[in-house]
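Below you'll find the structure, written out as structure tokens, and then a few comments.
All figures in this text were calculated on a predicted structure; none of them were measured in a lab.
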Amino acid sequence: MTPAPIKPIITLDVLNQVDIRVGTILSVADVPSSDNLMQLRVDFGDHERTIVAGIRKERANPREIEGRQALFVVNLEPRKMRGVSG
């Protein structure tokens with residue numbers, strides 16, 4: 001597996017705009033007609049959110065991450081992917 005290249009340098013002002021939070025993954029479901037996308041239901045303590053992530057091929061069983069915590073950027077602009085809003 002080849003590591004992804006490092007992205008361009010950003011300023012501290014840009015970094016301060018990114019809202020990263022720990023969330024607990026409540027459920028993981030397939031996204032119909034996608035080979036790579038999974039639909040995650042994530043609890044952030046003060047709210048729950050649906051997040052679409054390209055993680056299907058990263059593990060033999062993507063559902064094994066249910067109940068685990070991970071970091072998420074919560075202030076990305078929402079968009080639909082394969083008909084699922086995330």
Side-chain angles (χ1 to χ4, degrees):
M1 184 169 168
T2 305
I6 295 175
K7 295 186 179 188
I9 293 173
I10 61 172
T11 65
L12 188 56
D13 288 337
V14 172
L15 179 62
N16 285 331
Q17 293 177 29
V18 179
D19 189 352
I20 300 172
R21 298 187 187 192
V22 174
T24 302
I25 301 166
L26 301 175
S27 64
V28 178
D30 293 334
V31 172
S33 71
S34 174
D35 293 332
N36 196 37
L37 299 176
M38 299 297 290
Q39 181 176 324
L40 312 178
R41 190 71 191 155
V42 182
D43 180 5
F44 291 99
D46 60 344
H47 71 285
E48 289 184 14
R49 180 176 293 186
T50 297
I51 295 175
V52 178
I55 63 167
R56 182 177 286 178
K57 295 179 181 177
E58 301 218 355
R59 302 172 178 273
N61 178 10
R63 288 173 184 81
E64 72 184 8
I65 64 172
E66 289 178 347
R68 294 190 183 177
Q69 292 185 320
L71 295 174
F72 297 90
V73 176
V74 296
N75 63 334
L76 285 175
E77 182 177 28
R79 67 182 222 191
K80 273 192 175 180
M81 296 172 68
R82 297 281 179 163
V84 179
S85 294

query = Stepwise, does the salt bridge (Lys or Arg N to Asp or Glu O under 4.0 Å) test hold for Arg56 with Asp30?
reply = CA-CA 8 Å; Arg56 182 177 286 178; Asp30 293 334; 3.1 Å; yes
ask   = Just how far is it from atom NE2 of His47 to atom CZ of Arg21, taken to the nearest 0.5 Å?
value = 6.0 Å
task = Please confirm whether the backbone N or O of Asn75 pairs with a side-chain atom of Asp19, one donor and one acceptor, at under 3.5 Å?
result = no
note = Tightest non-hydrogen contact, residues Arg59 and Pro62, listed as O-CD, 3.9 Å
Separation of Gln17 CD from Leu12 CG (nearest 0.5 Å) = 10.5 Å
ask   = Mind checking whether Leu15 and Ile20 sit in one hydrophobic cluster, side chains of I, L, V, M, F, W, Y counted as touching below 4.5 Å?
value = no
query = Yes or no on side-chain contact (heavy atoms from CB on, under 4.5 Å) for Leu26 and Glu48, after CA distance, side-chain angles and deciding distance?
reply = CA-CA 9 Å; Leu26 301 175; Glu48 289 184 14; 3.5 Å; yes
ask   = So how far is it from Gln39 CD to Ser27 OG, rounded to the nearest 0.5 Å?
value = 7.5 Å
ask   = Is Val73 reachable from Leu71 through a run of hydrophobic residues whose side-chain heavy atoms are each under 4.5 Å from the next?
value = yes
task = Could you tell me the separation between the CG atom of Asn61 and the CD atom of Glu66, rounded to the nearest 0.5 Å?
result = 8.5 Å
query = Would a 4.5 Å heavy-atom cut-off, applied to side chains only, mark Ile55 and Leu40 as touching?
reply = yes
request  = Mind checking the CZ-CD1 spacing from Arg68 to Ile65? Nearest 0.5 Å is all I need.
outcome  = 8.0 Å
remark   = Output for pair (Arg41 CZ, Asp43 CG), nearest 0.5 Å, gives 9.0 Å
query = Looking at side-chain heavy atoms only, is the closest gap between Val22 and Phe72 below 4.5 Å?
reply = no
note = Note: Thr24 and Gln69 closest approach over all heavy atoms is OG1-NE2, 3.3 Å
